[in-house]
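Have a look at the structure below before the remarks.
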Amino acid sequence: MTQPRQIVPNRTYLVTRRVLRRHYLLTPDFFVNNLFIFFLAVLGAKYGIVFHALCLMSTHEHLVLSDMEGNLPKFLCEYHRLTALVMKVYRKWEGPLWEPDKPSIVHLQTPEAVAQAIAYVMA
């Protein structure tokens, strides 16, 4: 069994999560783009999350963020739940939106790692 992830305030992470079976459920359009930006802004303020870069692709998302208060699990839980609920209605999709695996969360330990992750997400 792997060790539990330490969630500590003031850490920066690269978060990636895929849509179920890589369906094109996140195909960008005006509604989808604004929905995700809205949820990120509202929930980021609620949980003390600062965003450095984000990329929403048709089948997955990438976020580079700093967790200022140690609330990353709570933020991700609510963010993924709300986006799934709305996207299921918008896309007329039954069943889960996100892969059942947990999101990939990589702690970026150096400024160089943060810069590389931001460059990757922006590219």
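Starting from 1, each residue takes its place in the sequence as its number.
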### Query
So which residues get pulled into Phe30's cluster when ILVMFWY side chains under 4.5 Å apart are joined, directly or through others?
none
Side-chain donor/acceptor pairs under 3.5 Å, residues 110-123, sequence neighbours excluded:
unit_1	atom_1	unit_2	atom_2	d
Thr110	OG1	Ala113	N	3.0

### Task
Look only at the side chain of Lys88 and the backbone of Pro96, and say whether a donor-acceptor pair between them is shorter than 3.5 Å.
no
### Task
Could you pull out the closest heavy-atom pair between Ser58 and Tyr24, with the gap in Å?
CB-CD2, 3.2 Å
### Task
Let me see the working for Glu78 and Phe39 under side chain to side chain contact (heavy atoms under 4.5 Å, CB included), right down to the final yes or no.
CA-CA 9 Å; Glu78 189 169 354; Phe39 281 140; over 6 Å; no
### Message
Grouping I, L, V, M, F, W and Y whenever their side-chain heavy atoms are under 4.5 Å apart, do Phe31 and Leu54 come out in a common cluster?
### Response
yes
### Task
For residues His52 and Thr12, determine if any side-chain heavy atom of one lies less than 4.5 Å from a side-chain heavy atom of the other.
yes
### Query
Are Val42 and Tyr47 grouped together when hydrophobic residues (ILVMFWY) are joined by side-chain heavy atoms under 4.5 angstrom apart?
yes
### Task
Heavy atoms only: give me the nearest Thr27-Arg91 pair and the separation to one decimal.
O-NH2, 2.7 Å
### Message
For the OG1 atom of Thr83 and the CG atom of Leu25, what is their distance to the nearest 0.5 Å?
### Response
11.5 Å
### Query
Does CZ belonging to Arg22 count more than 12 external heavy atoms closer than 6.0 Å?
no
### Task
To the nearest 0.5 angstrom, please state how far the CG atom of Leu65 sits from the CG atom of Leu14.
8.5 Å
### Task
Look up atom CZ in Arg17 and atom CD1 in Ile105, then write down how far apart they are to the nearest 0.5 Å.
9.5 Å
### Query
Same cluster for Leu43 and Leu85 if Ile/Leu/Val/Met/Phe/Trp/Tyr side chains link at under 4.5 Å?
no
#### Entry: Atom OH of Tyr90: over 12 foreign heavy atoms under 6.0 Å
yes
#### Entry: Heavy-atom closest contact (Leu35 atom, Met87 atom, distance)
CD2-SD, 3.7 Å
### Query
What distance do Lys74 atom NZ and Lys46 atom NZ have between them, rounded to the nearest 0.5 Å?
9.5 Å
### Query
With the 4.5 Å side-chain cut-off for hydrophobic clustering, are Leu76 and Phe38 part of the same group?
yes
### Task
Could you pull out the closest heavy-atom pair between Pro100 and Leu20, with the gap in Å?
CD-CD1, 4.1 Å
### Message
Donor-acceptor pair, distance only, cut-off 3.5 Å: does the side chain of Glu99 make one with the backbone of Arg21?
### Response
yes
## Note on the structure
In terms of heavy-atom contacts, Pro9 and Met68 come closest through CB-O, 3.4 Å
### Query
For the hydrophobic clusters of this structure (ILVMFWY residues joined by side-chain heavy atoms under 4.5 Å, transitively), does one cluster hold both Tyr13 and Val50?
no
### Phe75 backbone acceptor or donor facing Asn71 side chain under 3.5 Å
no
#### Entry: Main-chain N/O of Asp101 paired to Trp98 side chain as donor or acceptor, under 3.5 Å
no
### Message
Quiz question: by atom type and distance under 3.5 Å, do the side chains of Thr59 and His23 form a donor-acceptor pair?
### Response
no
### Task
Identify the heavy atoms of Arg11 and His107 that sit nearest to each other, and give their distance.
CD-NE2, 3.3 Å
### Message
Does Leu40 form a side chain to side chain contact (heavy atoms under 4.5 Å, CB included) with Leu63? I'd like the steps, not just the answer.
### Response
CA-CA 10 Å; Leu40 289 171; Leu63 305 169; 4.1 Å; yes
### Task
Mind checking the OG1-CD spacing from Thr16 to Glu61? Nearest 0.5 Å is all I need.
8.0 Å
